[in-house]
Student: 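Next up is a structure, given as structure tokens.
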Amino acid sequence: KDRGVRTGITVAAVFVSALIQSYALQVFVRPAGIISGGFTGMAMLVERLGELKGLTIPMQVTMLLLNIPVAVLCCKGISFRFTIFSLVQVFLSSIFLQIFNFSPIFTDEVLNVIFGGVIFGSAIVIALRGNASTGGTDFIALFVSNRTGHSIWSYVFFGNAVMYCFYGAIFGWKHAGYSIIFQFISTRIATITNINAV
């Protein structure tokens, strides 16, 4: 019975997290012309680069293509249950981005960055509370942490910084700066909850 309740809570958390994440991306992140960190940010960057070349590369497809192989490689070092539900979260986010069309609320970029960071961070928290994640670099960071006992979040941050510099060089440094602020806010929202995923 307890296991069933636990699974039900995880399913609900994953569903709500994915819905909130897709909402934040459509309502705040895209209108601000920014990208998030990690694999979601990479997927957004690929989508934007495709647009420059006249190509349609949906970020939801890239999200799945990036997450699945990494999850497979890392699942032996992370809880299998955690990995599966995290992949479900990524899959649902991809689906919601396709089937929903949320309209922007603000025209002001700063408001989009602030509110987007808070709401996106909340989606991460909800997933972690349900013993899952939003995928991406979480898989790699948890795998290395479980295997070595060392955190690599500083390297993840450095990787994001390099991606933002690349984004800024192509699409403008203002958007890169706003992306960093957005990432800082969303990360702080997640970390101040002091959650340790299993």
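The structure presented is a predicted model; accordingly, all values stated were derived computationally and were not measured.
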Student: Would you compute the distance between atom CG of Asn67 and atom OG1 of Thr83 and round it to the nearest 0.5 angstrom?
Tutor: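 With rounding to 0.5 Å, CG (Asn67) is 11.0 Å from OG1 (Thr83).
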
Student: In terms of hydrophobic clusters joined by side-chain contacts under 4.5 Å, are Ile126 and Phe100 together?
Tutor: yes

Student: In Å and rounded to the nearest 0.5 Å, what is the CG to CD1 distance from Leu25 to Ile35?
Tutor: 11.5 Å

Student: Determine, using the 4.5 Å side-chain heavy-atom cutoff (strictly less than), whether Ile99 and Val29 are members of one ILVMFWY cluster.
Tutor: yes

Student: For Ser94, enumerate each residue passing the side chain to side chain donor-acceptor pair (under 3.5 Å) test, keeping only those at least two apart in sequence or located in another chain.
Tutor: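 With neighbours one apart ignored, the set is empty.
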
Student: Only one of Tyr23, Phe102, Phe15, Phe91 passes ring pair (Phe, Tyr, Trp, His ring centres under 6.0 Å) with Phe96; say which it is.
Tutor: Phe15

Student: If you measure from CD1 on Ile140 to OH on Tyr155, what distance do you get to the nearest 0.5 Å?
Tutor: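 With rounding to 0.5 Å, CD1 (Ile140) is 14.0 Å from OH (Tyr155).
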
Student: With side chain to side chain contact (heavy atoms under 4.5 Å, CB included) as the test, would you mind laying out the steps for Phe39 and Thr137 before giving the verdict?
Tutor: CA-CA 7 Å; Phe39 284 4; Thr137 48; 4.2 Å; yes

Student: Closest approach of Ala18 and Leu92, non-hydrogen atoms and distance?
Tutor: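 Looking at all heavy atoms of both residues, the closest pair is CB-CB, 3.6 Å.
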
Student: Quick check on the hydrophobic clustering: are Val90 and Val11 connected, directly or via other members, by side-chain heavy-atom contacts under 4.5 Å?
Tutor: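 Linked, Val90 and Val11 end up in one cluster.
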
Student: Atom CD1 in Ile124, atom OG1 in Thr187: separation rounded to 0.5 Å?
Tutor: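 It is 6.5 Å, given to the nearest 0.5 Å.
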
Student: Give a yes or no answer on whether the side chain of Thr62 reaches the backbone of Ala43 with a donor-acceptor pair at less than 3.5 Å.
Tutor: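 Looks like no, no N/O pair under 3.5 Å.
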
Student: Say you draw a straight line from OG of Ser36 to CE of Met42; how long is it, rounded to the nearest 0.5 Å?
Tutor: 10.0 Å

Student: Tell me, do Phe120 and Gln21 make a side-chain contact under 4.5 Å, heavy atoms counted?
Tutor: yes

Student: Side-chain heavy atoms nearer than 4.5 Å, only ILVMFWY residues, links allowed to pass through others: does that put Val144 and Phe157 together?
Tutor: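 Hydrophobic grouping puts Val144 apart from Phe157.
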
Student: Any side-chain heavy atom of Gln98 within less than 4.5 Å of one from Ile95?
Tutor: yes

Student: Are Leu73 and Met63 grouped together when hydrophobic residues (ILVMFWY) are joined by side-chain heavy atoms under 4.5 angstrom apart?
Tutor: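 Unlinked, Leu73 and Met63 end up in two clusters.
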
Student: Give a yes or no on this: more than 12 heavy atoms of other residues, nucleotides or ligands lie within 6.0 Å of atom CZ of Phe171.
Tutor: yes

Student: Taking all heavy atoms of Cys75 and all of Val72, pick out the closest pair and write down the distance.
Tutor: SG-O, 3.3 Å

Student: Throw together a table of side-chain donor-acceptor distances under 3.5 angstrom for residues 44-51, partners on residues two or more places apart or in other chains.
Tutor:
from: Glu47; atom 1: OE1; to: Arg30; atom 2: NH2; distance (Å): 3.4
from: Glu47; atom 1: OE2; to: Arg30; atom 2: NH2; distance (Å): 3.3
from: Glu47; atom 1: OE2; to: Met59; atom 2: N; distance (Å): 3.3
from: Arg48; atom 1: NH1; to: Tyr167; atom 2: OH; distance (Å): 2.6

Student: Return the set of residues passing side-chain contact (heavy atoms from CB on, under 4.5 Å) with Leu65 (not counting sequence neighbours), or none when no residue passes.
Tutor: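 side-chain contact (heavy atoms from CB on, under 4.5 Å) list for Leu65, sorted by chain: Val61.
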
Student: Can you name the ring-ring contact (aromatic ring centres under 6.0 Å, His included) partners of Tyr178, sequence neighbours left out?
Tutor: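 With sequence neighbours excluded, Tyr178 shows a ring-ring contact (aromatic ring centres under 6.0 Å, His included) to no residue whatsoever.
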
Student: Answer whether the closest heavy-atom distance between the side chains of Ser86 and Thr134 falls below 4.5 Å.
Tutor: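 Side chain of Ser86 against side chain of Thr134, heavy atoms only: no contact under 4.5 Å found.
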
Student: To the nearest 0.5 angstrom, please state how far the NE2 atom of His175 sits from the CD1 atom of Ile170.
Tutor: 13.0 Å

Student: What residues, two or more places apart in sequence or in another chain, satisfy side chain to side chain donor-acceptor pair (under 3.5 Å) together with Arg81?
Tutor: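 In terms of side chain to side chain donor-acceptor pair (under 3.5 Å), with neighbours along the sequence ignored, Arg81 is linked to Thr10.
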
Student: Who pairs with Ser186 by side chain to side chain donor-acceptor pair (under 3.5 Å), at least two apart in sequence or on another chain?
Tutor: none

Student: If you define the side chain from C-beta out and look only at heavy atoms, does anything of Phe28 sit under 4.5 Å from Ile34?
Tutor: no

Student: Does Ile180 have any side-chain contact (heavy atoms from CB on, under 4.5 Å) partners at least two apart in sequence or in another chain, and if so, which?
Tutor: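 If we apply the side-chain contact (heavy atoms from CB on, under 4.5 Å) test to Ile180, skipping adjacent residues, the hits are Tyr164.
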
Student: Looking at residues at least two apart in the chain, or sitting in another chain, which of them share a side chain to side chain donor-acceptor pair (under 3.5 Å) with Ser17?
Tutor: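 Result, side chain to side chain donor-acceptor pair (under 3.5 Å) vs Ser17: Gln89.
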
Student: Which pairs would a plain distance check flag for residues 103-119, meaning a side-chain donor or acceptor within less than 3.5 Å of a matching protein atom at least two apart in sequence or in another chain?
Tutor:
from: Asp108; atom 1: OD2; to: Val110; atom 2: N; distance (Å): 3.1
from: Asp108; atom 1: OD2; to: Leu111; atom 2: N; distance (Å): 3.0
from: Glu109; atom 1: OE1; to: Lys174; atom 2: NZ; distance (Å): 3.0
from: Asn112; atom 1: ND2; to: Phe106; atom 2: O; distance (Å): 3.4
from: Asn112; atom 1: ND2; to: Asp108; atom 2: O; distance (Å): 3.3

Student: Starting from Phe158 and following side-chain heavy-atom contacts under 4.5 Å between hydrophobic residues (I, L, V, M, F, W, Y), which residues can be reached?
Tutor: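 Grouped by the 4.5 Å side-chain rule, Val162 form the rest of the cluster around Phe158.
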
Student: Which pair of non-hydrogen atoms, one from Ile20 and one from Ala123, has the smallest distance, and what is that distance?
Tutor: CG2-CB, 3.9 Å

Student: Ignoring hydrogens, what is the shortest heavy-atom contact between Cys165 and Trp173? Give both atom names and the distance.
Tutor: O-CH2, 3.3 Å

Student: For Leu66 and Val70, which heavy atoms make the closest approach, and how far apart are they?
Tutor: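 It is O-CG2, 3.4 Å.
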
Student: Would you name the heavy atoms of Gln60 and Leu97 that are closest together and state the gap between them?
Tutor: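 Minimum heavy-atom contact is OE1-CB, 4.2 Å.
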
Student: Looking at residues at least two apart in the chain, or sitting in another chain, which of them share a ring-ring contact (aromatic ring centres under 6.0 Å, His included) with Phe139?
Tutor: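 Result, ring-ring contact (aromatic ring centres under 6.0 Å, His included) vs Phe139: none returned.
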
Student: Check side-chain contact (heavy atoms from CB on, under 4.5 Å) between Ala141 and all other residues, then give those that pass, not counting sequence neighbours.
Tutor: Ile152, Trp153

